[in-house]
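Below is one structure, written out as structure tokens; the observations come after it.
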Protein chains: 2
Amino acid sequence: MSVTIKDIAAELGISVSAVSKALNNYPDVASETKRQVKETAQRLGYRANITARNLRASETRLFGYSWQPNFPDQFDPILDRFLQAMAEAAARHGYHLLTFPNSSVDAELDTYAEMVRTGQVDGFVLSNTNLDDRRVHRLLENEFPFVAFGRSNVDWDFPWVDVDGTAGVRIAIQHLIAQGHRRIACLAWPEASLTGQFRLQGYLESMEEAGLPVEPEWIERRENVYADAYAAALRLLALPAAHRPSAIIALTDLMAMGVLNAAWDAGLEPGRDLAVVGFDDAPMARFLRPPLTSLRQPIAEVGERLVTMLVNLVKGQLSAKPHILLQPELIVRASSIVPCSE
Amino acid sequence: MSVTIKDIAAELGISVSAVSKALNNYPDVASETKRQVKETAQRLGYRANITARNLRASETRLFGYSWQPNFPDQFDPILDRFLQAMAEAAARHGYHLLTFPNSSVDAELDTYAEMVRTGQVDGFVLSNTNLDDRRVHRLLENEFPFVAFGRSNVDWDFPWVDVDGTAGVRIAIQHLIAQGHRRIACLAWPEASLTGQFRLQGYLESMEEAGLPVEPEWIERRENVYADAYAAALRLLALPAAHRPSAIIALTDLMAMGVLNAAWDAGLEPGRDLAVVGFDDAPMARFLRPPLTSLRQPIAEVGERLVTMLVNLVKGQLSAKPHILLQPELIVRASSIVPCSE
DNA sequence: ATTATAATCGAAAACGTTTTAGTTGTCAAG
DNA sequence: CTTGACAACTAAAACGTTTTCGATTATAAT
């Protein structure tokens with residue numbers, strides 16, 4: 001069918017091992033032979049059979065990436081770019097990406113186990129990790145190569161890249177304070193989320209630094225669901241005037257959309273009567289009404305760093321487990337630029 | 001390292017071929033032996049080495065899916081669910097998905113060629129096909145298995161699944177007409193797009209059927225870019241009152257967002273002063289202001305059908321090339337439910 | 001008792017590559 | 001003339017399966 005190493009050997013009247021070594025630039029083959037081999041390989045259109053090479057080297061040059069389908073009304077605004085960044089970085093190193101969304105944690109764990117045992121991938125990229133993450137635990141246990149977008153337990157030593165949510169929210173809060181806001185609320189996540197903790201911490205820190213009080217009712221812990229965010233925002237806006245926040249930061253653009261609509265429905269104009277900040281800088285954030293100020297994650301860099309880390313890891317060229325914390329960028333738009341009219 | 005077929009053979013004192021045949025339920029192996037083999041395989045935690053099996057069978061049980069990164073301000077609202085549907089269907093048949101976004105058509109073609117020759121995948125899934133699609137042309141030429149989300153030249157015989165854009169837009173227009181609208185505009189795509197042609201055809205057909213005139217200036221052909229859609233909508237809304245459309249259908253939700261914002265900026269309230277319909281039913285469509293009426297593509301079914309078709313194709317169990325046309329569903333929301341006040 | 005038939009298993013090749021351990025031949029040093 | 005070093009190559013094993021073909025045994029039919 002397709003042209004193999006054997007065909008080249010036959011063509012030149014030499015052995016297959018000579019051909020293989022010529023193609024792989026072994027030192028113990030004459031440069032003239034190398035030249036001839038490469039020339040014939042080119043001429044016959046030879047391409048090494050990946051599967052055979054993989055069997056020999058017991059590797060697959062494949063990385064697995066799994067994510068969990070979101071709730072129906074949710075969406076992952078950055079999956080697209082994340083996948084692209086990872087796939088491109090992988091291709092640069094001769095790897096490819098195997099994607100397998102799983103509907104549940106258990107299904108995901110099963111798939112991991114299956115892939116580890118069948119040797120289907122050389123390593124994994126995890127995302128949305130959390131405290132006591134079972135995937136991290138399992139892979140550490142099996143000593144299988146992986147990197148993670150996100151942190152987990154501090155005593156688990158594994159390579160990760162994360163975006164500094166604390167610093168990001170601090171920047172956003174400082175931006176709001178600079179515009180004169182003093183009553184700032186935070187639409188946070190349930191305590192179980194480590195990412196949520198980091199981001200909330202940024203809120204608390206910067207408020208305290210600015211000497212601003214934080215009323216307990218300004219912190220709403222909700223799931224990353226539109227309806228929950230909408231309801232919470234309505235409640236915040238219904239507070240008595242002296243306590244009503246003039247700015248709200250939401251930990252997701254999805255939640256920020258709930259805030260925007262709650263404001264409109266409460267008879268307020270977001271961007272004028274209420275400052276709103278989101279997180280993620282989803283592609284549609286700039287098209288909302290008003291355009292949404294949001295924290296942009298350097299998602300392409302995250303993907304690129306993760307993959308190169310993983311490549312080095314499987315090659316054994318990684319002495320310590322790197323921990324990389326990247327900084328988000330505040331993209332200021334109309335939803336937060338109007339100074340607070342105290 | 002890991003447990004192979006040889007270990008089972010040694011454990012039971014039989015040959016590797018017997019073990020292999022037992023595991024694959026060959027008829028010429030005693031049922032008692034089968035039982036023992038399977039029991040030991042279970043006990044030792046045996047998993048067949050995929051690479052070895054692939055080399056033997058000269059297949060990879062991998063399907064390739066490539067897509068082109070969108071323009072910066074665009075986003076693919078359905079990539080997430082499409083990938084999920086495909087990956088899950090693939091997993092059910094023992095296949096996995098290799099994803100490799102490419103930045104240009106040429107890069108994509110190169111990657112295809114590379115993968116075909118190295119035998120890295122057993123087949124491809126294409127999407128966003130168009131007339132004279134070079135990918136389709138190449139793969140047909142090489143007789144390499146593939147299926148496509150979308151149609152192409154009528155004289156090219158290949159398996160595809162598509163969503164009936166013509167029928168979809170017809171439903172939407174009929175919905176608008178039923179609400180009393182008579183001046184309906186269409187924010188279409190450049191002529192080069194086959195999908196755009198199909199959808200526009202639905203507009204033209206249903207307008208003609210209803211005996212409604214179509215003024216040339218009601219058809220705006222623009223790229224699928226927010227700014228272009230916004231500008232076009234502003235122009236439509238600036239038409240003299242007698243010619244100004246009371247409803248606009250956009251061929252994408254992204255373009256529909258441009259229409260919504262143009263309406264607001266023109267001092268109109270979309271949903272009350274102007275009906276707007278989009279296409280795709282992006283996840284955020286329901287959260288827009290007002291919630292956007294849109295045509296929902298059965299994207300999960302598209303993905304599932306494509307993959308099962310491809311599985312049958314590579315297995316040679318496909319006599320004719322199937323052509324499947326699925327119907328979109330009109331999701332009616334506030335942006336179009338208020339009857340036109342003529 | 002002989003032969004045919006079926007049932008069960010094993011030996012070995014094959015997939016295409018890489019790599020180890022030689023093997024040859026040449027040439028210079030002793 | 002021997003020895004050793006070196007360059008350039010080859011044979012063959014190995015990776016873990018699957019599958020063809022032949023071998024063995026037992027059973028049934030003649």
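Computed from a predicted structure; not experimentally measured. So that the names make sense, note that chain A is the first sequence line, chain B the second, and so on, each numbered from 1.
- With A:Asp164 contributing its side chain and A:Leu325 its backbone, the two residues share no donor-acceptor pair below 3.5 Å.
- Closest approach of B:Asp132 to B:Ser152, counting heavy atoms only: N-OG, 3.8 Å.
- Here the closest heavy-atom approach between residue B:Leu83 and residue B:Tyr65 is recorded as CD2-CD2, 3.8 Å.
- A:Glu59 has its side chain out of reach of B:Thr51: every pair of non-hydrogen atoms, C-beta onward, lies at least 4.5 Å apart.
- Between B:Tyr26 atom OH and C:dA7 atom P the separation is 18 Å, expressed in whole Å.
- Nearest-nucleotide assignment on DNA chain D puts the 5′-proximal partner with A:Ala57, out of B:Arg53 and A:Ala57.
- Summarising the geometry of A:Asp133 relative to A:Asn128, their closest heavy-atom pair is OD2-O, 4.1 Å, with the distance given to 0.1 Å.
- Scanning DNA chain D 5' to 3' for nucleotides with an atom closer than 4.0 angstrom to a non-hydrogen atom of chain A gives a first and last hit of D:dA8 to D:dG16.
- Using cut-offs of 30° and 60° for the angle between ring planes, the A:Phe100 and B:His96 rings count as perpendicular.
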Between N or O atoms, less than 3.5 Å apart, protein on one side and nucleotides 8-11 of chain C on the other: list the pairs.
residue, atom, partner, partner atom, Å
C:dC9, OP1, B:Thr33, OG1, 2.9
C:dC9, OP2, B:Ala30, N, 2.8
C:dC9, OP2, B:Thr33, OG1, 3.0
C:dC9, N4, B:Asp28, OD2, 2.8
C:dG10, OP2, B:Ser15, N, 3.0
C:dG10, OP2, B:Ser15, OG, 2.9
C:dG10, O6, B:Lys21, NZ, 2.4
C:dA11, N7, B:Ser17, OG, 3.3
C:dA11, N6, B:Ser17, OG, 3.4

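- Between B:Ser20 and B:Lys6, it is B:Lys6 whose nearest contact on DNA chain D lies nearer the 5' terminus.
- When all heavy atoms of B:Phe82 and B:Leu306 are compared, the pair lying nearest together is CZ-CD1, 3.8 Å.
- A parallel orientation is assigned to the rings of B:Phe158 and B:Phe146, their planes being inclined by less than 30° (bins at 30° and 60°).
- In this structure, B:Asn54 reaches neither bases nor backbone, as no heavy-atom distance under 4.0 Å exists between it and the strands shown.
- When heavy atoms are screened at a 4.0 angstrom cut-off, B:Ala48 is found touching the sugar-phosphate backbone but no base atom.
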